[in-house]
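Everything below concerns the one structure shown next.
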Amino acid sequence: MSSNSTSEDVISALCINEALTDDELRSILAKVDSEKDKETFGLVCKRWLRLQSTERKKLSARAGPHMLRKMADRFTRLVELDLAQSISRSFYPGVTDSDLAVIANGFRCLRILNLHNCKGITDVGMKAIGDGLSLLHSLDVSYCRKLTDKGLSAVAKGCCDLRILHLTGCRFVTDSILEALSKNCRNLEELVLQGCTSITDNGLMSLASGCQRIKFLDINKCSTVSDVGVSSICNACSSSLKTLKLLDCYRIGDKSILSLAKFCDNLETLIIGGCRDVSNDAIKLLATACRNKLKNLRMDWCLNVSDSSLSCILSQCRNLEALDIGCCEEVTDTAFHHISNEEPGLSLKILKVSNCPKITVVGIGILLGKCSYLEYLDVRSCPHITKAGLDEAGLHLPDFCKVNFNGSINEPAVLL
């Protein structure tokens, strides 16, 4: 028998599990991109399944304490756990405080935890999270309606590197949680307080004193907040703030807008729908100051918006991709005439002009000539803009553009 033949026999008899160490197999697994292929990797044998399990980073599950303990033993390096509940994905009795105790003790590497709409959890479960998950970066407890400042403050104290916190619909939350975040979570970047109606200017000022890296702040429908609190955030987070949502914060006026114009030239998204006291001149100053970065602007029901401020926005903010001027009843076709001869074209992908009775097919025609990327156009309750009217005027929309004439088309979520 030749030496080559002997060598081939040895190689053919060699098992891959004997040839490769765990670290080498982990290196191979790390190069597998798709989740499906990673699952297939684990089907080879028990050893590969164990390695695949320990390397898994993300998991969505519906499970009680017993199953969670098993998962904690198996997925020892899990980074992201999604237990969010919805109409289409729910189970009885849902996530409980007992589940959170298991999670806090078993998933010590966890950085992202989604408990959206887990209505059964209380402050007891939040305290367990604060005590056990010191590495947590992101927590979503939106619509967990039993939570109060007590439990959430325990999270703030125990999870000092928290970057993202979503509290939408947590109606018992007050300024106390903002004070706790200010003292303990100096790296906070994203905070959602939508519908937390007990939040006041004092809370925002406390937040601004300690959390000065905020990029994303949603205080939609926080109706007690005024210019005082918002201006303090604008000043403290001037270089970082990119998204500010103030929908139906009816106490917001020019001072907030002028603070944004003065301090926040990196602003990309602004929602001020329903802020009826914002003036025409303030909008112009904002458009000029944020002209290079502003991408999304919602100002429906800002009744002082007129042709001059809209024209300023369209001419200055050339990177604007989404604009909502619904119910701005004083806007006419004149606002669009100033852009008809300008170059280059607009970047608009989403335009909402619903309930603007003075805008006609003429104005829309000018816009279409400048907006080659338009994907969604909302003209509901615009009596002078109809499908027949657009056809008669010979106006052709991009093939991929959806026009909402009567509310039958789902709206894009970017301006919510």
Side-chain angles (χ1 to χ4, degrees), residues 141-142 147-150 152-153 155-157 162 164-267 269-279 281-283 285-286 289-290 298-299 301-304:
V141 288
S142 298
L147 299 184
T148 72
D149 295 330
K150 182 179 179 181
L152 293 167
S153 293
V155 172
K157 292 174 184 176
L162 198 66
I164 300 172
L165 180 60
H166 287 207
L167 301 173
T168 296
C170 294
R171 56 189 175 183
F172 296 126
V173 166
T174 73
D175 291 339
S176 294
I177 182 56
L178 301 188
E179 294 171 9
L181 290 169
S182 179
K183 291 176 182 177
N184 300 286
C185 303
R186 299 299 180 99
N187 292 322
L188 191 69
E189 297 179 352
E190 180 171 320
L191 179 60
V192 179
L193 297 164
Q194 184 175 151
C196 299
T197 54
S198 296
I199 297 297
T200 71
D201 289 332
N202 290 333
L204 291 182
M205 288 188 288
S206 294
L207 184 70
S209 68
C211 301
Q212 300 181 355
R213 299 181 180 181
I214 293 177
K215 298 178 181 179
F216 184 111
L217 179 62
D218 181 346
I219 48 176
N220 283 349
K221 301 183 184 297
C222 293
S223 54
T224 59
V225 167
S226 76
D227 289 331
V228 175
V230 172
S231 295
S232 68
I233 293 291
C234 295
N235 194 356
C237 305
S238 57
S239 61
S240 60
L241 192 64
K242 293 185 176 182
T243 296
L244 181 60
K245 297 189 177 186
L246 303 167
L247 181 67
D248 291 339
C249 295
Y250 62 88
R251 297 187 182 187
I252 297 299
D254 283 356
K255 185 178 178 182
S256 293
I257 305 303
L258 296 177
S259 294
L260 285 167
K262 182 178 180 180
F263 299 115
C264 303
D265 54 4
N266 288 320
L267 191 70
T269 297
L270 177 63
I271 308 294
I272 52 172
C275 299
R276 303 188 182 198
D277 291 336
V278 174
S279 73
D281 290 337
I283 294 294
L285 285 171
L286 178 76
C290 301
R298 176 177 176 179
M299 50 183 188
W301 288 102
C302 291
L303 302 182
N304 295 318

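Numbers here simply count residues along the sequence, with the first being 1. These numbers were taken from a predicted model, which means no experiment stands behind them.
The nearest pair of heavy atoms linking R186 to G210 is CD-O, 2.8 Å. The shortest heavy-atom contact between L204 and I233 is O-CD1, 3.6 Å.
The OG atom of S259 sits 11.0 Å away from the CG atom of L286 when rounded to the nearest 0.5 Å. Taking CG of L244 as the reference point, atom SG of C264 lies at 8.0 Å (rounded to 0.5 Å). Expressed to the nearest 0.5 Å, how far CD1 of I271 lies from CG of N220 amounts to 7.0 Å. Atom CG of N187 sits about 9.0 Å away from atom SG of C211, to the nearest 0.5 Å. Taking SG from C222 and CG from D248, the interatomic distance works out to 11.0 Å, rounded to the nearest 0.5 Å. Note that the CG atom of L241 and the CG atom of L270 stand 9.0 Å from one another [nearest 0.5 Å].
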- Message: If you apply the rule side chain to side chain donor-acceptor pair (under 3.5 Å), what do you find for S182 with S209, and how did you get there?
- Response: CA-CA 7 Å; S182 179; S209 68; 3.1 Å; yes
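Under the 3.5 Å distance criterion, the side-chain polar atoms of D265 are left unmatched by any main-chain donor or acceptor of A289. Under a 3.5 Å cut-off, the side chain of S153 and the backbone N or O of D149 do form a donor-acceptor pair. Panel note: side chain D201, backbone G229; a donor-acceptor pair is recorded below 3.5 Å. Judged by distance alone, the side chain of D175 and the main-chain N or O of T200 form a donor-acceptor pair under 3.5 Å. Using a distance-only test at 3.5 Å, with no hydrogens or angles considered, a donor-acceptor pair links the side chain of T224 to the main chain of I199. Between the side chain of S231 and the backbone N or O of D227 there is at least one donor-acceptor pair closer than 3.5 Å.
Residues E190 and H166 have side chains that bring a donor and an acceptor to within less than 3.5 angstrom of each other. In this model, no donor atom of one side chain and acceptor atom of the other lie less than 3.5 Å apart for S198 and T174. Under 3.5 Å, the side chains of N304 and R276 contain no donor-acceptor pair of N or O atoms.
When side chains are defined from C-beta on, L247 does not count as touching D218, because their heavy atoms never get closer than 4.5 Å. Residues V192 and L217 have side chains not in contact (no heavy-atom distance under 4.5 Å, counting atoms from C-beta outward). Side-chain contact check for V230 versus I219: some heavy-atom pair is nearer than 4.5 Å.
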